[in-house]
2 protein chains.
Amino acid sequence: MDKSDSLTILLVDDDLDVLGAIARFLRTHDIGVVVAESAHTALQRLQEQHIDAIVTDLRMPKSNGLQFAVSARETRPLIPIVFFSGYAQVPDVVAAMKLGAVEFLEKPIDPDELLKVINRVRISHHGTLTTQRLAFDGLDQGYPLKMRVLAYEKYLIESSLLQHGGHISSVLESLQVNRRTLNDKMSKLGIKRDALIADTVAGNSKPAD
Amino acid sequence: MDKSDSLTILLVDDDLDVLGAIARFLRTHDIGVVVAESAHTALQRLQEQHIDAIVTDLRMPKSNGLQFAVSARETRPLIPIVFFSGYAQVPDVVAAMKLGAVEFLEKPIDPDELLKVINRVRISHHGTLTTQRLAFDGLDQGYPLKMRVLAYEKYLIESSLLQHGGHISSVLESLQVNRRTLNDKMSKLGIKRDALIADTVAGNSKPAD
DNA sequence: CTGAAATAGGCAATAAATTGCCGACACCAG
DNA sequence: CTGGTGTCGGCAATTTATTGCCTATTTCAG
C-alpha cells in the first residue's frame, strides 16, 4: 500500500541484526524506515531527507543515544524520539524522558509495541499538528505570548478532534467547553474538522491506547 | 517576604523509618514537611492544607505511587511531583515521567540530592522545561480546555520570567504583551515574581491554586 | 420520504480581557 | 534628600470572548 500520509522514521542501532529485523517489520506495516548504524550516520540522514520520528538505541559504541538526541534536536527541535535500551539505568531513562522522549522501550523490542508507539506518533504529529507544535513549542522566542497560547489551544483542539474521530460532541465533553465557543474557536483558529477526520481514515482513527 | 518555612512538601512513604529520617533532614533545612504513610492519608493531607510539592515512593503496599499521583493531580493538576523507588523498572520510570514528574530518584535517597531537587522546585519547576511541557499535553485528557490553556500560559510566563531573571520589562518585550496585561495575568495565575527570582535563597511560597 | 440527531452559523445580551492613564511605592546613585 | 528607574495597582473606556436562542444543513436510520 502506498499512502501519502505514511511516516518515515529514522532507526538507529549499532546492532545490524536488530536494525534489519525491525526495519523489515516496520516496512511491512507501511512505515518508511531509514536506517543508521551510528549516531554520526544518523545525523547525516537527518539532514539529507525528511524524517518524521527517530527510534534510537540508548547505548551505542561511540556516541550515546542521549548525546545523539541532543544533536538531533539541534537540527529538528521537536522531532519525536523513541529510545530503547537493554540495560537502562533509572538515571538514563529519566534523562531521556526529560529530553522529551515520547517513549522508552526495553530490549528486546516487542515489534507490536513499537508499532503502537509509532502509530501514536503518527496521530499526535499528524499534518497540521506538527506545524502547530513547532509554533507553540519550538520557537521559544520571538512570538508573542498570545500567539503561542492560541497555537497551543489550536493544538489541543485538533488533538482532541483526532482522538475522538472528529466527533464534536465528544470533544465538547472532553474539553468541557461550550459548543458555540468551540465552533467559534475552530473558525478563528482555522481548524477544519472535515480535513482532520479525512486525514485519519486511512490509518488508525482510534488510538486504542 | 516571610522568612519562615516558605515551602511545604508532602512526603509519602510506607516505610516509617525513611519517612522520619528524610523529614527530619528536610526540616533542618527550612523545608516544611507533611508526612503520610499511605496514599490515602496523603490525599487527605493534600486537601486539608497547602502543599507546594509532593515527594513520594513509587512502590507502596496498597496503592502504588503512580495511582496516587494521578489522584493527586485531580486535586492539584500541576503540582510538582518527585518520585523515588528502590526497585524501579523502566516502564515505571517512563510512566512517572510521562505524568510530568520533576525527578525520579533512586533509593536509598541521597538527602543532598533531594534537597537540590526541592530547591529547584522552589524556584518553580526550573530546569526541565520539556518535562514541564509534557505535563501539559501528556496529562490525561479530562481537564477543561480553558484550564489547560491557562496552565500553559502560566508556564510560558514563568519560563520567561526565569529566563530574564525576573526582569519584567524584558519579559514584556520578549512576550510582546502589554505591561498591564502581564501584571493582571500574573495576579490571576498566581505567579509571584519575588518567589521566582529568589534563587537558591528562600523566597515566598506561592499559594498556587 | 420522513423525522431525529449532529453540526454549523447569525444575532444579541452578558461577561471578561485589554489597555492607556494616573498615581504609589521601593530602590539606588548622586 | 532628590531625581530617575522599575514595578505595581486602581479606574474606566474599549475590545473581545462567551453563551443562549434560533434556524439551516447534512446525515442516517426506519
Side-chain angles (χ1 to χ4, degrees), chain A residues 128 132 135-136 143-202 205-206, chain B residues 1-3 6 123-124 141-199 201-209:
Chain A
T128 160
Q132 286 316 308
F136 79 74
Y143 285 89
L145 177 67
K146 190 173 245 168
M147 192 182 297
R148 292 214 257 160
V149 170
L150 283 180
Y152 182 66
E153 190 169 31
K154 178 172 182 177
Y155 161 71
L156 285 182
I157 293 174
E158 286 187 336
S159 296
S160 186
L161 264 169
L162 281 172
Q163 278 173 11
H164 293 94
H167 203 256
I168 294 289
S169 50
S170 305
V171 173
L172 294 178
E173 192 180 345
S174 167
L175 296 180
Q176 297 173 51
V177 63
N178 183 284
R179 201 266 315 168
R180 206 55 246 284
T181 300
L182 181 66
N183 276 349
D184 285 347
K185 282 185 184 301
M186 285 174 62
S187 170
K188 201 181 63 176
L189 296 172
I191 301 173
K192 312 271 189 195
R193 172 175 165 273
D194 294 339
L196 282 175
I197 58 177
D199 256 1
T200 39
V201 283
S205 57
K206 238 350 188 176
Chain B
M1 281 184 229
D2 202 341
K3 264 295 184 135
S6 53
I123 52 178
S124 179
Q141 275 83 39
Y143 291 103
L145 178 67
K146 193 171 242 169
M147 189 185 299
R148 294 172 76 184
V149 170
L150 284 179
Y152 182 66
E153 190 169 32
K154 177 174 182 176
Y155 156 72
L156 285 181
I157 293 175
E158 287 187 336
S159 297
S160 186
L161 263 170
L162 283 171
Q163 193 177 337
H164 294 95
H167 279 267
I168 295 290
S169 48
S170 306
V171 173
L172 294 179
E173 191 181 346
S174 167
L175 296 180
Q176 298 172 52
V177 64
N178 182 285
R179 204 257 326 160
R180 206 54 191 66
T181 300
L182 181 64
N183 277 347
D184 284 346
K185 281 186 183 302
M186 285 174 61
S187 169
K188 201 182 63 174
L189 295 173
I191 301 174
K192 310 272 181 156
R193 174 174 163 275
D194 294 339
L196 284 175
I197 62 174
D199 201 12
V201 193
N204 250 345
S205 85
K206 36 154 201 305
D209 190 33

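The chains referred to below are lettered A, B, ... by the order of the sequence lines, with proteins before strands, and numbering in each begins at 1. Predicted model, so just to flag it, every value in this text is computed and none were measured.
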Using the rule given for side chain to side chain contact (heavy atoms under 4.5 Å, CB included), can you reason through B/Leu161 versus B/Ile168, listing the C-alpha separation, both sets of side-chain angles and the distance that settles it, and then say yes or no? CA-CA 7 Å; B/Leu161 263 170; B/Ile168 295 290; 4.0 Å; yes
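Here the P atom of nucleotide D/dC8 and the NZ atom of B/Lys192 are 12 Å apart, to the nearest Å. Remark: P of D/dT7 and NE2 of B/His164 are 12 Å apart, rounded to the nearest angstrom. Between B/Leu172 atom CG and D/dT5 atom P there is a gap of 17 Å when expressed in whole angstrom units.
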Output a table of nitrogen or oxygen pairs between the protein and nucleotides 10-13 of chain D separated by less than 3.5 Å.
residue: D/dG10; atom: N7; partner: B/Arg180; partner atom: NH2; Å: 2.8
residue: D/dG10; atom: O6; partner: B/Arg180; partner atom: NE; Å: 2.9

Please list, for nucleotides 15-17 of chain D, all pairs of protein and nucleotide N/O atoms separated by less than 3.5 Å.
residue: D/dA17; atom: OP1; partner: A/Lys188; partner atom: NZ; Å: 2.7

Output a table of donor-acceptor pairs, distance under 3.5 Å, between side-chain atoms of residues 181-190 of chain B and any protein atom two or more places apart or on a different chain; print 'none' if there are none.
residue: B/Asp184; atom: OD1; partner: B/Arg180; partner atom: NH1; Å: 2.5
residue: B/Asp184; atom: OD2; partner: B/Arg180; partner atom: NH1; Å: 3.3
residue: B/Lys185; atom: NZ; partner: B/Glu153; partner atom: OE2; Å: 3.0

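The span of DNA chain C lying next to chain A, judged by atoms under 4.0 Å from heavy atoms, is bounded 5' to 3' by C/dT7 to C/dC11.
Residues A/Ser187 and A/Lys146 both approach DNA chain C. Their nearest nucleotides, taken by heavy-atom distance, put A/Ser187 toward the 5′ side.
Within the 4.5 Å cutoff, the side chain of B/Lys154 has heavy atoms near those of the B/Ile191 side chain.
For the helix from C/dC1-D/dG30 to C/dG30-D/dC1, the terminal axes (five pairs an end, C1' atoms, rotation from four pairs onto the next four) enclose an angle of 30°, given to 10 degrees.
Here the CZ-CG distance, from A/Arg179 to A/Leu172, works out to 8.0 Å after rounding to the nearest 0.5 Å. Atoms CD and CG, from B/Glu173 and B/Leu175 in turn, are 10.5 Å apart once rounded to the nearest 0.5 Å.
Under the side chain to side chain contact (heavy atoms under 4.5 Å, CB included) criterion, A/Ser170 pairs with A/His164, A/His167, not counting sequence neighbours.
Applying the 4.0 Å criterion to OP1 and OP2 of D/dG9, one finds that B/Asn183 has every side-chain N and O outside that range.
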